[in-house]
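Beneath this line is the structure, given in structure tokens, with notes to follow.
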Amino acid sequence: MAKNVRQRMIVGACDLLSRRGLQSTSFAEVTQATGTPRGSIYHHFPGGKQELVLAALDASAESFVEWIGSICRVNPEQFVRSVLDGYRAYVLDGEFEVGCSATAVTVAAENTEQLDRCAVVFATFVDALSDGLRECGVEPEAARSFATLAFCSLNGATTVARAARTAASLDTVEHHLIDQARTLPRVHVAATA
């Protein structure tokens, strides 16, 4: 039961961070959004808001890796299209009020530990995308470079989409990234005799 309360608070904090950012995510809002008792805050997070934020960032990374792992890897174009379609659905289902929780923490970080954890989360996101591309046969260096480009492009497009409340920026990024995915260099496997 206690683990369930802690997990609900982490998931709630992750959602609030992605919607409202770091300064607007308080313990009171987390307990209200998750229906958890206020008295359980320091029981589950004796390190205060800092501990909750770091746990939410870790959960965000784990969730992303799990989601990327569930995407079929037929070829780079299909993989990239599936990632972009899934991310687009996340933004649209969130009615242009959601984004990357690690980005939200980065722009308002209160200390270097938060920035360091965001850097780890971003690297985890890029690693997951890069691994998926390599599993589609893309050369490792090209996979890493494209994964970085794709992640940064999605983050920027999401920010623009939130401000404009339209998916036009996501559509543009999707078009260009899918075109580029078609041309990614593949690993050549030598034929055996």
Side-chain angles (χ1 to χ4, degrees), residues 7-8 10-19 21-22 52-107 114-162 167 169-187 189:
Q7 191 58 33
R8 274 198 342 248
I10 290 169
V11 170
C14 198
D15 182 60
L16 287 168
L17 287 168
S18 74
R19 291 177 185 278
L22 182 61
L52 176 59
V53 167
L54 297 178
L57 290 170
D58 291 344
S60 173
E62 289 171 19
S63 177
F64 184 83
V65 168
E66 184 178 306
W67 172 62
I68 292 296
S70 73
I71 295 173
C72 185
R73 287 142 166 81
V74 174
N75 59 54
E77 178 186 348
Q78 173 275 329
F79 175 70
V80 169
R81 184 182 305 279
S82 295
V83 169
L84 297 172
D85 286 349
Y87 199 82
R88 187 179 199 280
Y90 165 71
V91 173
L92 295 179
D93 291 348
E95 299 178 350
F96 300 103
E97 293 180 2
V98 296
C100 174
S101 56
T103 300
V105 172
T106 298
V107 298
Q114 289 174 353
L115 286 174
D116 291 345
R117 188 66 56 93
C118 288
V120 169
V121 170
F122 294 147
T124 300
F125 290 173
V126 171
D127 287 346
L129 291 170
S130 180
D131 291 347
L133 289 165
R134 283 186 295 123
E135 289 172 21
C136 291
V138 176
E139 290 180 354
E141 189 175 318
R144 164 119 351 244
S145 177
F146 183 84
T148 301
L149 173 67
F151 174 70
C152 293
S153 297
L154 274 177
N155 242 336
T158 301
T159 302
V160 172
R162 284 185 74 171
S169 58
L170 292 167
D171 295 341
T172 299
V173 164
E174 181 172 3
H175 170 76
H176 288 288
L177 289 177
I178 289 171
D179 277 352
Q180 188 171 350
R182 289 185 186 111
T183 65
L184 288 170
R186 309 288 175 86
V187 173
V189 179

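A side chain to side chain contact (heavy atoms under 4.5 Å, CB included) with R81 holds for exactly one of I178, L177, N75; it is I178. For the pairing with C100, the side chain to side chain contact (heavy atoms under 4.5 Å, CB included) check across Y90, F125, F64 returns one residue only, F125.
A donor-acceptor contact shorter than 3.5 Å links the side chain of S153 to the backbone of L149. With hydrogens and angles disregarded, a donor-acceptor distance shorter than 3.5 Å links the side chain of T148 to the backbone of R144. Side-chain atoms of T158 come within 3.5 Å of backbone atoms of L154 as a donor-acceptor pair (strictly under, hydrogens ignored). Side-chain atoms of S145 do not come within 3.5 Å of backbone N or O of A142 as any donor-acceptor pair. With hydrogens and angles ignored, the 3.5 Å screen pairs a side-chain donor or acceptor of S70 with a backbone N or O of W67.
The distance from atom CG of L57 to atom OG1 of T106, rounded to the nearest 0.5 Å, is 8.0 Å. Taken to the nearest 0.5 Å, the SG atom of C118 stands 8.5 Å off from the CG atom of L54. Within the model, atoms CD of Q180 and CG of L184 stand 6.0 Å from one another, a figure rounded to the nearest 0.5 Å. A distance of 6.5 Å separates CZ of F146 from CG of L133, quoted to the nearest 0.5 Å.
Judged by distance alone, the side chains of Q78 and S82 do bring a donor and an acceptor atom under 3.5 Å apart.
Looking only at side-chain heavy atoms (C-beta outward), V187 and V138 stay at 4.5 Å or farther from each other. The closest side-chain heavy-atom distance from R186 to P76 is below 4.5 Å. With contacts defined as side-chain heavy-atom distances shorter than 4.5 Å, the pair L84/L170 does not qualify. Between F79 and I68 the shortest side-chain heavy-atom distance falls below 4.5 Å.
Contact between Q114 and V53 at its shortest, heavy atoms only, is NE2-CG1, 4.3 Å. Here the closest non-hydrogen pair linking V74 and C136 is N-SG, 4.4 Å. For the pair R134 and A143, the tightest heavy-atom approach, listed with the atom from each and the gap, is CG-CB, 3.6 Å. Of all heavy-atom pairs spanning R88 and D171, the tightest one is NH2-OD1, 2.7 Å. Nearest heavy atom pair, residue A102 against residue F122, reads CB-CE2, 3.5 Å. Shortest non-hydrogen contact noted between A181 and E77 is CB-CA, 4.0 Å.
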Step by step, would you call E62 with T124 a side-chain contact (heavy atoms from CB on, under 4.5 Å)? CA-CA 9 Å; E62 289 171 19; T124 300; over 6 Å; no

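A salt bridge is defined here as a Lys NZ or Arg NE, NH1 or NH2 lying under 4.0 Å from an Asp or Glu carboxylate O, and D15 with R19 meets this definition.
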